[in-house]
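See structure below.
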There are 2 protein chains.
Amino acid sequence: MNPPPSAPVDDAAVSNKVTREVVLATALALIDLEGVDRLSMRRLAAALGRDPMILYRHAANKAALLDGVAETVLVQLKVDPTDPDWAGQLRMVARDYRRLALAHPNVVPLLVTRPLATPLGLRPPGTLRPLEDVLKLLTDAGFSGPDALHIYRAVFGFLYGHVLNELQELIERPDEVSDLLRLGLHRLPIAEFPLLRSLAPTLAAYDGAAELERGLDILLAGLTATLTAPSAAHPPGHAADPAKRPRRPQSPRRSDSR
Amino acid sequence: MNPPPSAPVDDAAVSNKVTREVVLATALALIDLEGVDRLSMRRLAAALGRDPMILYRHAANKAALLDGVAETVLVQLKVDPTDPDWAGQLRMVARDYRRLALAHPNVVPLLVTRPLATPLGLRPPGTLRPLEDVLKLLTDAGFSGPDALHIYRAVFGFLYGHVLNELQELIERPDEVSDLLRLGLHRLPIAEFPLLRSLAPTLAAYDGAAELERGLDILLAGLTATLTAPSAAHPPGHAADPAKRPRRPQSPRRSDSR
DNA sequence: AACTGTAGCTAGACGCTGTAGACCTACAGT
DNA sequence: ACTGTAGGTCTACAGCGTCTAGCTACAGTT
């Protein structure tokens, strides 16, 4: 019955039914375009061609609406909890998360900030889906519950941090030629920030994807070394070897209620 | 004519000169107390017992004022770039950062969010001080500039992420007895989030300090393994020993420029 | 002694914000 | 015909950030 979603609702496309999805999609579009703090209920309503007050039919208040936007981005993060290659799967999730963050940089503040104000159980379910799925992935791979949680925290913690780092370095004035100028580093007193200034070319050549992979290399190697093999001290030397993964055969853990 | 208008809301001694430090300190106090979004220019001014417009004498606008608050917190992060034990020094910085974040949880959104809107060179200098100092620490230890930058990014990325993770899990209703209730996990449909619910006790028993140390163990070990000569660095495993750390007589590059 | 400059602060206003409350309309079920 | 409900609108209010103008107190100059 529904005609295709007809998403491009930017300038008052009227007469469309205003569903929650449309509201959130439009909000996301506006945020992508102008940033979070330029989004007001009235602007959003104007983009929908409606009265501001309809919005409150789909979100209790503005904060809830922003939670919804964060959720719509985060539900795109698919985890396959049946993948036997847990490390590879985590890698893919990490790449996916990075991709989402780069696609919606203006939403990242919401992504990292909103959960700080909301207890776990009250967060939008779409936000918790990846957590649950990763836990399933890891427990099925043989990790204990607490270890699975530990790995989740380590990987996603690193992921949050990486994304924030990468986005921070993205801000620049691309019209400038010299690296120093693009990054605004010329404003820094040379005497106080000699190294930072001298690293301008390196800063400008930041390769987020590679950096992410290297971090994951280290993290995953370290995690398996400390968690799965109880006695093995980590053998350093090589870093990237996504193919081999030590796996402990174990009967799949059933979902137990407490 | 008017004696100071009315009762100072906070502990503001009214007849005090309103300096930038006082403004920022009061703003920080208000944020610690009520959170960032309850801070308005008018409230802040009221806490100072003054007209809102004085604030613009010390900050160009509200965003700049928030930058100032973030800076006042961040300048407390001291790095000793002369410490020969670079890994130990990074550990201490990490612990310090975590301590600051826990002391001012409401400021953390500012800490991670504001740099996203400001190019490196335009950030408040206090914000960049730790970066420069860590770079000095690492280059003095023999790392190349790009490697130093890489290590900085890895450690601080992890640090950002860890702090966000830890603060997220802090939110709860402590009046509830059961872990499930405290975290609000009882609201989640059991069928969809079995693992998450079953891990309530583990979630509740989160030990942020230990988690940070373990992450640093992995990260620092992995970094030294991949970046320097394959000579073994300090052993991971157990963490807390801020006093002394094994030192590596490093050869490659000693850039002692000044 | 009067004049000017300036630093610190205040008063008022403007346009914008989030959202409460009343109200309207169209339609479904009884 | 009556009632309930979902969707939508209008008006209004308190609060927001910040612009402009102005006040006071004092320094230095003439």
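In what follows, every chain begins at residue 1, and chains take the letters A, B, ... in the order their sequences are listed.
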Seminar exercise, completed: Tested for side-chain contact (heavy atoms from CB on, under 4.5 Å) against B/Leu24, the lone hit among B/Leu66, B/Thr72, B/Leu44 is B/Thr72
Gap separating the [atom1] atom of [X] from the [atom2] atom of [Y], nearest 0.5 angstrom:
| X | Y | atom1 | atom2 | answer |
| --- | --- | --- | --- | --- |
| B/Leu159 | B/Tyr152 | CG | OH | 9.0 Å |
| B/Thr127 | B/Leu111 | OG1 | CG | 8.0 Å |
| A/Glu166 | A/Glu211 | CD | CD | 8.5 Å |

Seminar exercise, completed: Terminal axes of the helix from C/dA1-D/dT30 to C/dT30-D/dA1 (5 end pairs apiece), angle rounded to 10 degrees, sit apart by 10°
For [X] and [N], what is the distance between atoms [atom1] and [atom2] respectively, to the nearest whole Å?
| X | N | atom1 | atom2 | value |
| --- | --- | --- | --- | --- |
| B/Leu48 | C/dG8 | CG | P | 15 Å |
| B/Leu55 | D/dT18 | CG | C1' | 11 Å |
| A/Asp37 | C/dC16 | CG | P | 17 Å |

Seminar exercise, completed: Per-nt protein contacts along nucleotides 10-17 of chain D (heavy atom under 4.0 Å; B base, S backbone sugar-phosphate only, - none) come out as B-----BB
Exercise. Do the non-hydrogen side-chain atoms of B/Phe156 and B/Val134 ever get within less than 4.5 Å of each other?
Worked result: yes
Exercise. Within the distance-only criterion (no hydrogens, no angle test), does the side chain of A/Asp179 pair as donor or acceptor with the backbone N or O of A/Ala204 below 3.5 angstrom?
Worked result: no
For this session: Answer yes or no: is there a donor N or O on one side and an acceptor on the other, between the side chain of B/Arg187 and the main chain of A/Leu122, under 3.5 Å?
Result: no
Problem set entry | Salt-bridge contact B/Lys136-B/Asp133 (side-chain N to carboxylate O under 4.0 Å) | no
Exercise. Within the pair B/Arg57 and C/dG8, is there a side-chain N or O less than 4.0 Å away from OP1 or OP2?
Worked result: no
